[in-house]
Amino acid sequence: MKRPSIILFVLALLCLYSTDLLAKDGYKLWLQYEKIENKELAESYLSSIHQITIPNHSATIDVIKNELSIAFKGMLSTSPEFTEKSIKKNNIVIATSESFPWIGEFIGQNQLDSLGQEGFIIKSIQYKNQPITLITGNADAALLYGTFEFLKLLQTQQSIVDLNIVSVPKTKIRVLNHWDNLDRTVERGYAGSSIWNWHLLPDHIDQQYIDYARANASIGINGTVLTNVNANALVLTAAYIQKAAALAKAFESYGIKVYLTARFSAPMEIGQLKTSDPLDEEVQKWWNDKAAEIYSYIPNFGGFLVKADSEGQPGPHNYGRTQAEGANLLAKALKPYGGIVMWRAFVYSENTPDDRAKQAYNEFQPLDGEFEDNVLVQVKNGAIDFQPREPFHPLFGAMPKTPLMMEFQITQEYLGQGTHLVYLSQLYEEVLDTDTYSKGAGSTVAKIIDGSLENHQLSGMAGVSNIGSDRNWTGNHFGQANWYAFGKLAWNPYASSEKIAEDWIAMTFSNDPKFISTTLDIMSKSREAVVNYMTPLGLHHIMGWDHHYGPAPWITDKHRDDWTSTYYHQAGADGIGFDRTSSGSDALSQYSPSIEKQFSNPKTCPEKYLLWFHHLPWAYRMQSGKTLWEEIALHYQAGVDQTTTAIKQWRTLENSIDNERYEHILSFMKIQEKEAKWWRDACLLYFQQFSKLPLPDRVENPAKTLKEYINYKPHFVPGI
């Protein structure tokens, strides 16, 4: 008779246990809100936040209250007391000066005006002789961003006494680009299928959509492009616009706008027109009507992202028109509603008459100043395609009359894909900090992106999403760090990758100093490790055919030269590398004279870009005194060694975090080490055919023959 009660008791325990496990599976991202075990610190926080005053009612204010409730319950085991007017000692006040005019007594109007609609201030003040913490801005979205920043202080166990934080986003448009298809496949995605279930929309809003919006708002992302740049015109039909409208409504209270990818041939495919010529009056009317239709469903619609005249996508070239004429067609349709066009500069000829690295510059630079003022030209960080390391794209600094928007990849298409631990913030920071010299020293890429160099009012940064249906969102737990870092650098392109990583580690895993320092060391060396074991010294685009998985420097004789590996490395008996100096493709002439002069000489060219710009003999002497062949081989070995060291470091943290995430990460690191060796062995065996030189003593001998590596054909590689 007692058995059912015992069974129920055991089931209850299992449920509790399972719930705890789920809390450690990565779903909560950096919003873990773990209990603060340091009693003294917890009590100091509680003494400073007796009550939270938030006037007004709005959906965003409700979001703020909900977030505070979740955070306080998790970190401080308490529920906050909310009030709309009362202000007591040690209150938190979250309000605009419109709600509480007395805020102007502590923050001048000029400073408030400088915040715009998204910037915020967190300030410790004395109001009527009572100490309070003020979180203020000029709009509810600013208050939301300020609230997340305040909660970050608690999560990272910082002091909340004598605060004076002023934070204003440097870029206006901060968006994720989802390469998600309507059938829920994700191009170049390694974390499962798309999170957007178009079949159930608009009637069902999954909780994951809300948590997605929370996560993005917490790092300042204010837009999302829902669909793949290889666009499907179906998304512009009424049924799908209604589905997108349901997502837009769910995201609105988090300050996030929805954008869609526009297929240039849509007037023909879904509009039954005979042409999509941007200068055709019927085509112009079709887009004007389509814009009106979209805004009738989505009043805060952000606009269009467009890939045109690239890799088979239709575009203005089909009609002998320029990229500016194509972009302006859509821009004029959106302008009455405040929408923008993000027009990608990833364009290269269907033929390969010239160095692919030159083609976007050749196409877009002559059009500088011809785009409508609501067009952003979206430029990848490098001129080829999201390689482990590329010099900055020569368009940055070459189009002063046109706002350029940075496009970074968060998903790791060419960086080991889903299993490799690569902290991409260092790649982002490396590019953003680079000086273009376009207006003399100090003309960094970051200043071009944020509009400050040329005083552009429209600015932005896009990140190709690594989010999928995996429970931990990104497949690899450390992929979350790249999503987080992208948001932080989009908000402030001058931020420190190291500080971003420290905060992410503390919020995601632990505030333990040893855990933070060890994990930070692993992350800080991870990007250089992947460059070493994949594409050292400026080598590039030597990945597997089509799927881009694994090494394949032997790829040749395809229907496009610039879709082969041999096109880029040009290895032969005479040496290796792509000559982009005046004696070669002359791509260096697209950069400023000071960069061209420095990089044209292999002795002054940074060695990290050496084989990007130069074809050099195997016996060329490097700065170390070693030959080029020796340095290539030693870099490949160093990359493998770095992955092995990272595993040893991670193993020292076994008892520092939950076992589920620890083991998940460890298993991925082992895969990375295995594949790093694959890269080293396959590439060195291939290049050794031409160098005909022995491997240096410190380099391990390959495990297989070159023929075995060439004949290996991986099946069902994800992300296609």
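In terms of heavy atoms, V225 sits closest to T261 at CG1-CG2, 3.8 Å. The two residues A246 and I205 come nearest to each other via the heavy atoms O-CD1, 3.8 Å. Here the closest non-hydrogen pair linking I221 and G487 is CG1-CA, 4.0 Å. For the residue pair A481 and M523, the shortest heavy atom distance occurs at CB-CE, 3.8 Å. Across every non-hydrogen atom of K243 and H199, the tightest pair is NZ-O, 3.9 Å. Heavy-atom minimum distance, W483 versus I219: O-CD1, 3.5 Å.
A salt bridge does not link K65 to D62: none of the charged side-chain nitrogens sits closer than 4.0 Å to a carboxylate oxygen.
Sequence neighbours left out, the pairs with a member in residues 100-129 that pass salt bridge (Lys or Arg N to Asp or Glu O under 4.0 Å) are E118-R174.
Heavy atoms from other residues, nucleotides or ligands lying under 6.0 Å from CD of Q130 number more than 12.
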(request) Evaluate the side chain to side chain donor-acceptor pair (under 3.5 Å) criterion for residues N177 and Q378: first the C-alpha distance (whole Å), next the side-chain angles of each, then the deciding distance (0.1 Å), finally the verdict. (result) CA-CA 11 Å; N177 287 181; Q378 184 168 308; 2.9 Å; yes

(request) Would you please test D180 and S194 for side chain to side chain donor-acceptor pair (under 3.5 Å) and show each step? (result) CA-CA 6 Å; D180 294 24; S194 171; 2.7 Å; yes

(request) Take E67 and Y33 through the side chain to side chain donor-acceptor pair (under 3.5 Å) test and state the conclusion after the steps. (result) CA-CA 10 Å; E67 199 66 34; Y33 298 140; 2.7 Å; yes

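Taking the six-membered ring for Trp and thresholds of 30 and 60 degrees, F515 and W650 have ring planes more than 60 degrees apart, a perpendicular arrangement. Between H477 and H664, the ring planes are perpendicular. Angles over 60° get that label, and only those under 30° would be called parallel. Ring orientation note: the planes of F486 and Y428 are nearly perpendicular, at an angle over 60° on the 30°/60° scale.
A donor-acceptor pair shorter than 3.5 Å can be found between the side chains of S218 and W30. No hydrogens or angles considered: nothing links the side chains of Y240 and T227 as a donor-acceptor pair under 3.5 Å. Side-chain contact annotation: N91 with Y127, donor-acceptor N/O pair under 3.5 Å absent. Side-chain contact, T83 with Q51: no donor N or O sits under 3.5 Å from an acceptor N or O.
Between W343 and F304, the gap from one ring centroid to the other reaches at least 6.0 Å. For Y209 and F251, the ring centers are positioned 6.0 Å apart or more.
With values rounded to the nearest 0.5 angstrom, S497 atom OG is found 10.0 Å from L424 atom CG.
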